[in-house]
Amino acid sequence: MTISGLEQRIRVLPESVINQIAAGEVVLRPASALKELGDNAIDAEAQHLSFWTQAGGKALIQVTDDGIGMSPIDAELCFERHATSKISQAQDLYSLSTKGFRGEALASIAAVAEVELFTRRPTDEIGTHVVIAFGKKRLSEPVRCAVGTTVIVRKLFHRVPVRRKSLRSDLTEHRHNLQEFFRLAYAHPERHFSFYHNGQLVIDLPPASLLERILAIHPELSEEAVIALAEETPLFSVQGYAVLPEFTPPGNREGFLFINSRYIRHPGIQHAISQVYRPLLPPEVRPLYWVFLEVPPSQVDVNVTPSKTEARLVHEVEIRKMLSSVFRQALAKSKLALPADWLSRPSAVLEVPPAAPATPAPPRITAPALDLPLSEGTALQYLLLQGRFLVLNTSEGESWLIDLLGAHERILYERYLCQQEVLPQGLLFPALASASPLQCARIAELKPILQAQGLEVEIREGKEIVLHAIPAGLRPAGAGPILEALLEVAAAETLPPDWRERMARHIARYGALRPPYTLTPEAVQTLWQSLLACEEPNYSPSGRRIRFLLSAEALERLFT
Ligand code: ADP
Ligand code: MG
């Protein structure tokens with residue numbers, strides 16, 4: 001071992017500094033560990049970062065970098081709480097240029113998992129191997145290894161049952177992992193990022209421009225869908241891209257803000273940007289953008305949460321104003337019709353446009369039977385008009401005028417919402433659409449649920465979704481729009497709580513057979529009984545009237 005093996009970059013922070021660092025938990029789920037390891041690799045000037053996970057990170061998270069590595073002493077010290085090479089005095093908190101500085105990530109991870117570290121500096125011939133499990137050092141030895149650092153995390157939360165129980169399915173955790181990975185990959189397009197899950201390459205992102213990186217992660221977008229942002233003031237500058245409203249993925253839930261290359265959630269600033277899009281996007285869709293804000297480090301405090309993903313900004317008000325105007329200029333190029341005074345409106349006056357008439361909350365539903373046996377001796381008299389409208393005389397002597405299309409949509413909608421087992425009907429021409437890795441991960445997660453309801457999906461090469469079957473009795477031509485609806489649900493950052501309702505609405509709208517209909521007496525009987533079993537037999541899911549009672553008064557009124 002060389003003398004420089006004793007070189008020590010890491011210091012344990014003095015108590016006074018420790019107290020200025022907000023206490024808290026760093027590791028909440030595999031994705032938080034993955035983020036911290038990624039941050040460390042960036043701080044270590046790595047050019048290629050590889051992420052390996054198994055079982056959504058529950059079984060394994062490994063991050064390998066080709067950065068500056070650590071000396072043997074640092075390789076042990078780095079697991080001490082408040083051990084960091086990045087700051088040494090409180091003053092440094094106000095001039096941060098690194099992602100880490102709290103010196104607690106590795107300590108926190110090693111406290112709740114088994115962690116193995118391999119590290120070697122370019123100047124050393126031999127590296128160091130350290131194993132530490134649940135806070136106890138197990139091993140520290142010289143080892144032959146590549147330049148850079150590999151950290152392997154296994155058995156995460158094995159001794160923290162509460163945390164372990166709060167973990168979601170592998171696929172959900174995988175999606176969180178990818179989300180953190182992409183945030184880091186957007187922030188550093190000039191570096192090479194690779195992600196493997198369960199031994200398979202999920203995505204490889206070679207060094208690129210920011211725009212190329214964005215398009216690599218979002219294959220559904222093209223260059224004409226995004227527009228460049230750039231503005232500089234003496235206090236701060238902004239660069240990045242925004243997706244034009246007409247190209248915004250329908251289920252988008254997140255725009256990306258980076259402050260000094262760090263991914264930050266800042267509701268105030270993000271709200272200001274959303275306001276500019278307000279008149280141009282449906283209320284539930286968030287704008288998609290990548291905004292890179294450069295602010296002097298002294299004017300931003302990221303030491304607000306342990307994960308360092310929130311920030312206080314000295315000039316927040318000015319920054320909001322500036323971003324509003326930058327976005328407004330950029331979006332003026334949108335092809336959508338803008339309100340006449342939109343460009344000149346001060347941001348505070350930009351109001352939410354009158355919302356579309358609220359659709360009633362989905363009713364609580366008891367299963368309507370679609371295939372009731374015919375009741376005996378109650379033959380219905382009916383007349384079909386224009387292949388679509390039915391005049392029906394019931395056994396009780398009532399007459400109804402019924403829109404069969406609306407009725408069909410209503411029955412499909414409630415049947416789907418009730419989650420009755422539905423047989424799949426294979427498609428002669430499967431529907432196919434490209435999807436982002438996030439969408440693929442989400443759809444993989446939902447696959448069993450979809451399957452039970454007659455939707456058979458295949459995820460092809462992690463970038464395409466194929467819809468092979470739709471519920472029996474639906475119109476095959478509806479497969480395309482139904483797949484689109486599914487992708488929309490899958491694009492959301494968190495699964496929208498009303499996703500089933502949304503899917504039901506689309507399935508009803510696009511899957512319902514189209515007029516003209518031909519009807520047998522049996523079909524009329526089944527349809528009428530199914531409609532009566534519906535929670536809301538009078539209106540279609542999109543709010544159209546389904547039936548009118550043709551009372552004597554109603555008929556008379558027609559002739560006055
Ligand atoms: P922080 O990043 O806040 O300093 P961490 O617990 O994440 O705290 O890491 C502690 C120290 O370990 C870092 O300051 C750094 O010196 C060293 N370190 C961690 N990961 C790496 C890495 N991948 N390459 C080189 N050094 C690292
Ligand atoms: Mg760190």
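The shown structure was predicted, so the numbers you read here are calculated from the model rather than taken from an experiment. Remember, it's 1-based here, ligands and their atoms both numbered in the order they're listed.
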- Looking only at non-hydrogen atoms, which of Lys308, Met70, Glu36 approaches atom 17 (C) of ligand 1 most closely? Met70

- Query: Can an N or O of Phe101 be found at a distance shorter than 3.5 Å from an N or O of ligand 1?
  - Reply: yes

- Please write down residue, atom name and distance for the protein heavy atom closest to atom 12 (O) of ligand 1. Cys78 CB, 3.2 Å

- Measure from the Mg ion (ligand 2) to each N, O or S atom of Asn40 and report whether any distance is below 2.8 Å. yes

- Task: State whether the shortest distance between N or O atoms of Arg9 and N or O atoms of ligand 1 falls below 3.5 angstrom.
- Result: no

- Report yes if the distance between the aromatic ring centroids of Phe182 and Phe256 is under 6.0 Å, otherwise no. no

- Could you see which bit of Ala105 sits under 4.0 Å from ligand 1, with heavy atoms only: side chain, backbone, both or neither? both

- Go through the side-chain N and O atoms of Thr64 and Gln62 and say whether any donor and acceptor fall under 3.5 Å apart. yes

- Closest to atom 10 (C) of ligand 1 by heavy-atom distance, out of Gly103, Ala83, Ala41, is Ala83

- Item | Non-neighbouring partners of His188 that pass ring-ring contact (aromatic ring centres under 6.0 Å, His included), sequence neighbours left out | none

- Message: Pairing donors with acceptors under 3.5 angstrom, does anything connect the side chains of Ser71 and Glu7?
- Response: no

- Can you check whether Pro287's main-chain N or O pairs, donor with acceptor, with Asn252's side chain at less than 3.5 Å? yes

- pair Val151-Asn40: side-chain heavy atoms closer than 4.5 Å: no

- Minimum-distance pair of heavy atoms, taken over all atoms of Thr119 and Ala75: CG2-CB, 3.8 Å

- Message: Using a 3.5 Å distance criterion without hydrogens, assess whether the side chain of Arg191 forms a donor-acceptor pair with backbone atoms of Ala46.
- Response: yes

- Message: Among all protein heavy atoms in this structure, tell me which lies nearest to atom 25 (C) of ligand 1, with the distance rounded to 0.1 Å.
- Response: Ala44 CB, 3.6 Å

- Which bit of Glu104 is near ligand 1, meaning a heavy atom under 4.0 Å away: side chain, backbone, both or neither? backbone

- For atom 22 (C) of ligand 1, the closest protein heavy atom turns out to be Thr149 OG1, 3.7 Å

- Could a heavy atom of Gly67 be found less than 4.0 Å from some atom of ligand 1? no

- Message: Counting only heavy atoms closer than 4.0 Å, does ligand 1 sit against the backbone of Asp65, its side chain, both, or neither?
- Response: side chain

- Proximal candidate to atom 4 (O) of ligand 1 [heavy atom criterion; set Leu117, Thr84, Leu37, Asp43]: Thr84

- What residue and atom, counting heavy atoms only, is the protein's closest point to atom 15 (C) of ligand 1, and at what distance? Ser85 OG, 3.5 Å

- From Trp290 atom CH2 to Leu210 atom CG, the distance as rounded to the nearest 0.5 Å: 8.5 Å

- atom 6 (O) of ligand 1: the protein heavy-atom neighbour that sits closest, reported with distance to 0.1 Å: Leu106 N, 2.9 Å

- Item | For atom 13 (C) of ligand 1, the protein heavy atom that lies nearest, with its residue and separation | Lys86 CE, 3.8 Å

- Query: Relative to the heavy atoms of Gly100, which atoms of ligand 1 are at a distance of less than 4.0 Å?
  - Reply: 2 (O), 3 (O)

- Item | All ring-ring contact (aromatic ring centres under 6.0 Å, His included) counterparts of Trp52, not counting sequence neighbours | Tyr196

- When Ile217 is tested against each of Leu438, Leu178, Leu205 for side chain to side chain contact (heavy atoms under 4.5 Å, CB included), which residue passes? Leu205

